[in-house]
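Here the structure is laid out as structure tokens; the discussion comes afterwards.
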Amino acid sequence: MQKSNNTEMVRRSLSAVWHPCSQMKHYETFPLIPIARGLGAWLYDFDGKRYLDAVSSWWVNLFGHSNPQINAALREQLEQLEHVMLAGFTHEPVIALSERLHELAPPGLGHCFYGSDGASATEIALKMSAHYWRNSGYADKTNFISLQNSYHGETLGALSVTDVALFRDAYGTLIRQQATVISPDDRLAEADETRETYALRCAHALELHLQQHHAQLAALIIEPLVQGAAGMAMYHPAYLTRARELCDQYGVHLIADEIAVGMGRTGTMFACEQANITPDFLLLSKGITGGYLPLSVVMTKDSIYQAFYADEMARGFLHSHSYTGNPLACRAALATLDIFKQDEVLAANRLKAACLNRIAEPLRAHPAVRNWRNTGMIWAFEVMTPYSDFAQRCFSLGLQHELLLRPMGNTVYFMPPYIITEAEMQLLVTRTLHIIQELT
Ligand SMILES: *Cc1c(COP(=O)(O)O)cnc(C)c1O
């Protein structure tokens, strides 16, 4: 292979690749970072500079880049079966993964339907919910509700339940926009309210909405415990517990979008466990393959599955993707689950989180830092800054200090891979503090 350098890679990429979630013109001022290789929590560019991956490469990587165990599992799978269609065919990795997810998930979620990315999982859950109601004689139940500032993906169906104006506004006329209810985001609580009281006040608003609209509502879709794209908005589990009761009472499905928060990110394997609930649909993607390959899964219960089980083709769930249940992706997911078990990752993460919280005391105490918060392996805070382009500046300064940080507005967050070491956490905090100092 030809030896490349950063400059040449940037030039080639900007002329041929249309990058996601980007205004391409901004790359004139904030250059692209070509990445040559990754190892553990680090990414390396073509000039030999390194970056600590504090955002797990868009919230997907759990056990580091180039993880030897996942690499080995994939190599072995490559020699056996790279892909076969899942309609009319099956294979060991997809069966084993479905069985193991069933064992791990909240009780009752015994049926796994696969997609290739998070947005597809959202689409699948919305379609499955509405189709369930139609098959059950409630053809009017075709609407959905989500929380304010929710994010469930960017395809047209997923955008209809996504409340991020920047992603949605240009496509408003293409979307059947769904209603939202107020978010239990702790930051929105009144000064005299605890986070739990506020969560219950929000649940009451949900109750009023359900009372009025349940006859047309198929499902509530929600990001349990942390609304990621809303700026790592965290909330009390009492909201979820109450939402489960209300959905049962009013005959509305509860869709738990654990695409970002599942796979141990919030401290339990699934965020729903902290509210002691079983959703009607549980969505997983992002971390499920350890950040290796695109895969998503919608888990659901037998009562929903049975409503599709009939002689007529049209009652079945007619949805598919070319790569549904891809064997390589499923094998990466199985290797990921093996690591969780053998390394007792959830227990180890509790110690790591405590360690980072200890190390981060000076950052938390910085006068420009507001709303310091932590759930499991996610940390976030707002920065009081005079710069309106804080996110870009923080990103650029981060790179100069060997950190990959990707703030959302003036919210800085850490969502590191679980293999991050104490020394790496120290480096992350010290340098972030330095950057905050420079930008305030
Ligand atoms: C990332 C994300 C999605 C969309 O997943 P993609 O793979 O990017 O389509 C949906 N919901 C949540 C909560 C997410 O964080």
Side-chain angles (χ1 to χ4, degrees), residues 18-22 55-62 113-129 144-164 166-168 171 175 178 180 183-185 219-235 239-240 243 254-266 270-272 279 281-299 319 321-326 329 332-333 336 375-378 380 406-408 411 413-415:
W18 195 337
H19 291 267
C21 202
S22 300
V55 301
S56 294
S57 288
W58 245 352
W59 318 352
V60 299
N61 191 292
L62 303 188
F113 193 98
Y114 290 87
S116 313
D117 53 44
S120 304
T122 298
E123 302 281 339
I124 289 163
L126 299 180
K127 283 175 70 177
M128 211 179 248
S129 171
F144 302 94
I145 21 168
S146 62
L147 295 184
Q148 267 167 9
N149 302 320
S150 57
Y151 181 91
H152 299 291
E154 294 168 53
T155 53
L156 293 176
L159 265 183
S160 75
V161 289
T162 287
D163 187 35
V164 180
L166 180 68
F167 295 146
R168 206 191 51 207
Y171 314 105
I175 297 167
Q178 304 291 341
T180 57
S183 162
D185 178 350
L220 162 68
I221 181 166
I222 193 166
E223 294 158 89
L225 296 187
V226 185
Q227 291 183 279
M232 301 300 162
M234 300 181 185
Y235 62 88
Y239 185 84
L240 295 172
L254 178 62
I255 304 172
D257 176 353
E258 297 221 13
I259 290 167
V261 297
M263 309 308 290
R265 195 42 90 170
T266 65
F270 305 105
C272 280
F281 301 92
L282 178 72
L283 318 186
L284 300 172
S285 187
K286 291 207 163 96
I288 194 171
T289 62
Y292 265 68
L293 287 159
L295 181 74
S296 62
V297 55
V298 175
M299 302 181 71
H319 184 103
H321 296 282
S322 315
Y323 286 91
T324 298
N326 173 260
T336 299
T375 300
M377 291 295 280
I378 309 174
R406 212 166 170 278
M408 296 182 269
T411 303
Y413 71 89
F414 303 147
M415 201 154 159

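Both ligands and their constituent atoms are indexed starting at 1 by order of listing. Throughout, numbering of the chain's residues begins at 1 and tracks the sequence. Small disclaimer: the values here were computed from a predicted structure and weren't measured.
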Problem set entry | 4.5 Å side-chain heavy-atom contact, Pro184 and Leu147 | yes

Exercise. Under the 3.5 angstrom rule, does the side chain of Thr336 hit a backbone N or O of Ala332 as a donor-acceptor pair?
Worked result: yes

Exercise. Between Val164 and Asn149, which heavy-atom pair has the shortest distance, and what is it?
Worked result: CG2-O, 4.5 Å

Problem set entry | Exceeds 12 heavy-atom contacts within 6.0 angstrom, atom OH of Tyr323 | no

Exercise. Applying the side-chain hydrogen bond (donor to acceptor under 3.5 Å, both in side chains) test to His152, which of Asp257, Thr122, Thr162 qualifies?
Worked result: Asp257

For this session: Look at the side chain of Gln227 and the backbone N and O of Ala233, then say whether any donor-acceptor pair between them is shorter than 3.5 Å.
Result: no

For this session: Check each protein residue for a heavy atom under 4.0 Å from ligand 1 and list those that pass, ordered by chain and number.
Result: Trp59, Asp117, Gly118, Ala119, Tyr151, His152, Gly153, Glu223, Asp257, Ile259, Ala260, Lys286

